[in-house]
Asks: 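Pasting a structure here, questions to come.
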Amino acid sequence: MVVLCLAAFMATLDVFVVNVAFTGIGASFAGSSLADLSWVLNAYTIVYAALLIPAGRLADRHGRKAGFLVGLTVFTLASVGCAVAPGLWWLVAFRVLQAAGAAALTPAGLGLLLTALPPDRRAGAVKVWATTSSFAAALGPVVGGALVELSWNWVFLINVPVGVVAFAAAMRLVPESRDESVTRLPDVPDAVVLAVAIGALALGLVKGGEWGWTGAAALGAFGSRSPASRCWWCGCCGTRRRSWSRPCSACRPLCGRMSRPWCSAWAR
């Protein structure tokens, strides 16, 4: 349980620890605006949220231990990439990989925790696991502030020894687990559409002041969010398995005014 909680702590910590490193990161990448720097955080949170469910389903189907180890490896290697990134957008790209790793290890770790313990201990274990994540959120700014005193690179490098120890311990101590009842593949297109929708909204909010709130670029960002989010809604509730002319009741108010080109692939 300690290994799995440690990995969850590390993944959650990285959402909050970077906030206090913005000044140092901006100083290293001269000419970067605050709006550009915000993508160091935005990219992580958007991709992490969008991939949690698909990654969890993949782990259930192909093995939770394998999913946990792959996610932990990707997260740790991406942390090294973040620390040595030669430019801001390289840092953002490595943050995307870091988020993908975190999204894989988080649900896989919880699944391993639940299957490794007897039923009477599961409720307590989930409370400990959730408390660990909450503690990471509270501790993030403190840890980040201490590490930034050395260098902002240490905000990411601190994950490397923790990741190596967690990987070695998981290989040795954590039993394999999978859900044989899960046969469907995860709905990756829906996750991509969700990420695009949230990313477009964040882009419009971040760059709206620079572009002008009524400018074509800002309106385009906000406008692209609406069809994308509607596509995601339709995919989640199963509209794409219905005919275009008969959406489900939950989606009917949203789909009534949606243009066919945006959702024709999802409505089939």
Side-chain angles (χ1 to χ4, degrees), residues 1-25 27-29 40-41 43-45 47-48 51-52 55 59 63-88 90-113 116 125 128-176:
M1 186 169 75
V2 174
V3 176
L4 301 175
C5 288
L6 180 63
F9 177 88
M10 185 173 63
T12 306
L13 184 70
D14 241 59
V15 178
F16 300 95
V17 76
V18 177
N19 294 346
V20 296
F22 273 5
T23 302
I25 295 172
S28 294
F29 303 127
V40 177
L41 180 62
Y44 185 94
T45 52
V47 174
Y48 181 59
L51 294 184
L52 271 175
R64 297 185 180 108
K65 183 176 181 178
F68 179 82
L69 293 175
V70 168
L72 188 58
T73 301
V74 171
F75 183 89
T76 305
L77 293 177
S79 296
V80 177
C82 289
V84 301
L88 176 63
W90 278 103
L91 175 57
V92 172
F94 283 120
R95 285 285 282 173
V96 169
L97 288 177
Q98 205 181 30
L105 70 87
T106 301
L110 181 58
L112 288 167
L113 185 67
V128 172
W129 185 86
T131 302
T132 301
S133 299
S134 301
F135 185 61
L139 199 60
V142 178
V143 174
L147 293 173
V148 167
E149 290 297 316
L150 301 173
S151 168
W152 67 264
N153 308 79
W154 280 101
V155 168
F156 302 106
L157 287 175
I158 193 65
N159 294 326
V160 177
V162 177
V164 171
V165 170
F167 185 93
M171 284 287 292
R172 186 179 182 87
L173 302 174
V174 176
E176 180 57 278

Asks: May I ask you to decide if Ala108's main-chain N or O and Lys65's side chain share a donor-acceptor pair within less than 3.5 Å?
Replies: no

Asks: Hey, what do you get for CG (Leu150) to CG (Leu157), rounding to the nearest 0.5 Å?
Replies: 10.5 Å

Asks: Side chain to side chain contact (heavy atoms under 4.5 Å, CB included) with Ala21: which residues, sequence neighbours excluded?
Replies: Ile25, Val148, Trp152, Val155

Asks: For Leu69 and Ala170, work out which heavy atoms get closest and say how close.
Replies: CD2-CB, 3.8 Å

Asks: Distance from Arg95 atom CZ to Leu88 atom CG, nearest 0.5 Å?
Replies: 11.5 Å

Asks: I'd like to check Asp14 versus Tyr44 (side-chain heavy atoms, cut-off strictly below 4.5 Å). Are they in contact?
Replies: yes

Asks: If you round to the nearest 0.5 Å, how far is CZ of Phe156 from SG of Cys82?
Replies: 4.5 Å

Asks: Please round to the nearest 0.5 Å and tell me the distance separating atom CG of Leu51 and atom OG1 of Thr106.
Replies: 11.0 Å

Asks: For Trp129 versus Ala8, what's the shortest heavy-atom pair and its separation?
Replies: NE1-CB, 3.4 Å

Asks: Do Phe68 and Val174 make a side-chain contact, defined as non-hydrogen atoms from C-beta onward lying under 4.5 Å apart?
Replies: no

Asks: If the condition is side chain to side chain contact (heavy atoms under 4.5 Å, CB included), which residues does Ile158 pass it with, not counting sequence neighbours?
Replies: Leu147

Asks: Could you grab the distance from atom CZ of Phe75 to atom CG of Asn159, nearest 0.5 Å is fine?
Replies: 4.0 Å

Asks: Indicate the atoms forming the closest heavy-atom contact of Cys5 with Val128, along with that distance.
Replies: SG-CG1, 4.1 Å

Asks: Rounded at 0.5 Å granularity, tell me how far OG1 in Thr12 sits from CG in Leu139.
Replies: 12.0 Å

Asks: Find out whether Pro141 and Asn19 are in side-chain contact, i.e. whether some heavy atom of one side chain is under 4.5 Å from a heavy atom of the other.
Replies: no

Asks: Please tell me if the side chains of Arg64 and Leu110 come closer than 4.5 Å, counting only heavy atoms from C-beta onward.
Replies: no

Asks: With Val70, which residues qualify under side chain to side chain contact (heavy atoms under 4.5 Å, CB included), at least two apart?
Replies: Val74

Asks: I need the minimum non-hydrogen distance between Gly71 and Ala104, along with the two atoms involved.
Replies: CA-CB, 3.7 Å

Asks: Can you see which heavy atom on Val3 is nearest to which on Ala169, and at what distance?
Replies: CG2-CB, 3.4 Å

Asks: What are the two closest non-hydrogen atoms of Phe94 and Ala78, and how far apart are they?
Replies: O-CB, 3.6 Å

